[in-house]
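All chains are named by letter (A, B, ...) in the order of the sequence lines, taking the proteins before the strands, and each is independently numbered beginning at 1.
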Amino acid sequence: MQRSKIKDIFSRSQAGGEVLVQGWVKTRRSSKSVTFIQITDGSTLQDLQVVVDESNPSHEQAASLTTGCSVSVAGVLVDSPGQGQKFEVQATSLEVLGGSDPETYPLQKKRHSPEFLREIAHLRPRTNTFGAMARIRNSMAYAIHSFFQDRGFQFIQTPIITASDAEGAGSMFRVTTLDLNDLPKNGNAVNDEEDFFGKPAFLTVSGQLEAEIFAMALSDVYTFGPTFRAENSNTSRHLAEFWMVEPEIAFCQLDGLAELAEDFLKHICGHVLEHCQTDMEFFNKWHNDTTLATLEGIANSRFERITYTEAVKLLESSGEKFEFPVSWGTDLQSEHERYLTEKKIQKPVIVTDYPKDIKAFYMRMNDDGETVGAMDVLVPRIGEIIGGSQREERRDVLEARMTESGISHDDYSWYLDLRSYGTVPHSGFGLGFERTVQFVTGVSNIRDVVPFPRTPKSAEF
RNA sequence: UCCCCGAUAGCUCAGCGGUAGAGCGAGCGGCUGUUAACCGCUAGGUCGUAGGUUCGAAUCCUACUCGGGGAGCCA
């Protein structure tokens, strides 16, 4: 008989017929005459109840099952007389595939703290929370690809190892094959020529600059892959290794980019609401009872658009007491972003046109000579979820900004070339995948929305 | 990296100068359909690590390690 996934069993319109189900025991409840086993196979949050009667030759074995055992059960799918489930399986045969010593198995049939589960990251996918998280993460990754594919974007694979070391997005991890206990020296300095690539190499902090290369040939492109930041950031919103989505669009200006960012977030939220209903209801019930309403709000509301200058005025006239004072020319603090998106406007806000001195060299200079065509999308709870800009396409202006920022024209001659040969207005943004999963699920710590979190002083598994 | 808080049984926590406690989990027994079942009994701890104060330290002090909340950097 062919194995049925539990998700498919529950999507049947009626009971009846033989089924073969295989999975892991969540809990078991036994009385003298009957044993109930809840099993999960990860296809859905819902457990399947298997009933083993006293008359069944496997009853003794069934009654000794413990949490974590793997089983293969054949039986008849029947309507469940009990509360709590539509169908159940009346077992005809039961085979234990793998035991699970209850004295040492760390998962119990009760709630565990996220901190404890992180220590057993090889077993936490078996929990309700982490299983639901993995399914939603999967569904969101699918939604990201389908959004861009439907719009004719090309998926570009940018390098993970890079020799560019000044992309302006934070400290980088060095990649080397040199013997750290016996470094080749050139005088007092390390001789990088002896390293694998003949020069220093690093893990990428962003695929943006390389994506721009392809946007200047294929028009609309995106990257979706791992990025690395060696910042000593210890917060619930930062990882040293995380995934980022970076579209880059030729012939597109800042307002078009804002439209795309809004459509993109709405598509992801809509997709999750449509395809992950059971898992989302679980998060809404156990983790954050506002997350479903927030997602529906996003899917159905128009994002607010304000300039940085307007945001500063709103904050100054708010009457709110902030720890950090607001003044034109300094970056918005977390508390300012939260005030705007949670209190003042109460939905996602796209803030544009920031002062040039607090933004990266590649962002396009506005006509006022003071601000650049930058764009941040702020959402409740998380703050900045998307950061992007129109790129500076004028070679002379870009060169001046690079000089100002102390960036080598020689190292980035290829980037400048794009402005010499058929330059066009273009724009792009970056979206932190894990922050988006955090936002969607309402899970408070970013370490719990990624299978194996990498943070300062922690790289287990 | 900075500020605040924490670390005691497998898990979640109480105890806060005088010989270590609970709930859950686990083990054993019971229970004719249960819903993270229920009832009874049992076992389980060098109180994060290293120093110090004291007649006596889980409890007070110092340092370190790890974790949480917030901040900075950012996605």
Going by purine N1 to pyrimidine N3 plus the second Watson-Crick contact, or the G-U wobble pair, all under 3.5 Å, which nucleotide sits opposite B:rA43? none

Ignoring backbone atoms, establish whether A:Thr235 has a side-chain N or O less than 4.0 Å from OP1 or OP2 of B:rC74. no

Within the structure shown, what part of the strands sits under 4.0 Å from A:Pro102 by heavy-atom distance: base, sugar-phosphate, or nothing? sugar-phosphate

Kindly say if A:Arg118 contacts the phosphate of B:rG68, meaning a side-chain N or O under 4.0 Å from OP1 or OP2. yes

Over all strands shown, is A:Ser233 touching base, sugar-phosphate only, or nothing at heavy-atom distances under 4.0 angstrom? base

Pick the C1' atom in B:rG25 and in B:rC13, then give their distance to the nearest Å. 14 Å

Using only side-chain N and O atoms of A:Arg29, determine if any of them is under 4.0 Å from OP1 or OP2 of B:rA37. yes

What does A:Glu88 touch in the nucleic acid at a heavy-atom separation under 4.0 angstrom: a base, only the sugar-phosphate, or nothing? base

If the cut-off is 4.0 Å, is A:Ser334 near the phosphate of B:rG70, judged by side-chain N/O to OP1 or OP2? no

State yes or no: are the ring centers of A:Phe148 and A:Phe264 separated by less than 6.0 Å? yes

Please tell me if A:Asn445 has a side-chain N or O lying less than 4.0 Å from either OP1 or OP2 of B:rG68. yes

Does A:Ser33 put a side-chain nitrogen or oxygen below 4.0 Å from OP1 or OP2 of B:rG33? no

Which is true for A:Gln85 with a 4.0 Å heavy-atom rule: it touches a base, it touches only sugar-phosphate, or it touches nothing? base

Taking salt bridge (Lys or Arg N to Asp or Glu O under 4.0 Å) as the criterion, tell me which of A:Lys109, A:Arg126, A:Arg28, A:Lys26 meets it with A:Asp47. A:Lys26

Pairing of A:Asp41 and A:Lys5 as salt bridge, 4.0 angstrom limit: no

Heavy-atom nearest nucleotide on RNA chain B taken for A:Pro106 and for A:Glu434; more 5' hit belongs to A:Pro106

Indicate, with a heavy-atom threshold strictly under 4.0 Å, whether A:Phe116 touches base, sugar-phosphate, or nothing. sugar-phosphate

Please tell me if A:Lys109 has a side-chain N or O lying less than 4.0 Å from either OP1 or OP2 of B:rA37. yes

For a quick check of understanding: with a heavy-atom distance under 4.0 Å over all strands, which category does A:Ser30 fall into, base, sugar-phosphate or nothing? base

Phosphate oxygens OP1/OP2 of B:rC24: is one of them under 4.0 Å from a side-chain N or O of A:Lys110? no

With a centroid cutoff of 5.5 Å and a plane-angle limit of 30°, would you call A:Phe242 stacked on B:rA75? yes

Would you classify A:Leu239 as touching base, sugar-phosphate or nothing, given that sugar-phosphate means primed atoms plus P, OP1 and OP2, and contacts are heavy atoms under 4.0 Å? base

Give one of base, sugar-phosphate or nothing for A:Arg237, where a contact means two heavy atoms less than 4.0 Å apart. base

Heavy atoms under 4.0 Å, any strand shown: does A:Lys26 hit a base, just sugar-phosphate, or nothing? nothing

What is the nucleic acid contact for A:Gly82, judged by heavy atoms within less than 4.0 Å: base, sugar-phosphate only, or nothing? base

Which is true for A:Glu103 with a 4.0 Å heavy-atom rule: it touches a base, it touches only sugar-phosphate, or it touches nothing? sugar-phosphate

Could you tell me whether A:Asp255 and A:Arg305 make a salt bridge, using a distance below 4.0 angstrom between a side-chain N and a carboxylate O? no

Should A:Phe433 and A:Phe224 be marked as a ring-ring contact (aromatic ring centres under 6.0 Å, His included) after you check the CA-CA gap, both sets of side-chain angles, and the distance that decides it? CA-CA 9 Å; A:Phe433 185 53; A:Phe224 182 20; 5.2 Å; yes

Any carboxylate oxygen within less than 4.0 angstrom of a Lys/Arg side-chain nitrogen, looking at A:Arg454 and A:Glu231? no

Please verify the inter-ring angle class for A:Phe87 with A:Phe10; under 30° counts as parallel, over 60° as perpendicular, anything in between as tilted. parallel

B:rC38 phosphate, OP1 or OP2, under 4.0 Å from A:Ser31 side-chain N/O: no

Regarding A:Glu323, tell me which of base, sugar-phosphate or nothing describes its non-hydrogen contacts under 4.0 Å with the strands shown. nothing

Please state whether the phosphate of B:rG72, meaning OP1 or OP2, lies under 4.0 angstrom from any side-chain nitrogen or oxygen of A:Gln333. yes

Name the closest nucleotide to the A:Ser80 side chain, picking from B:rG33, B:rC73, B:rA71. B:rG33

Within the 4.0 Å heavy-atom criterion, would you say A:His112 contacts the bases, only the backbone, or no part of the nucleic acid? sugar-phosphate

So what does A:Thr436 hit on the nucleic acid, given a heavy-atom distance under 4.0 Å: a base, only sugar-phosphate, or nothing? nothing

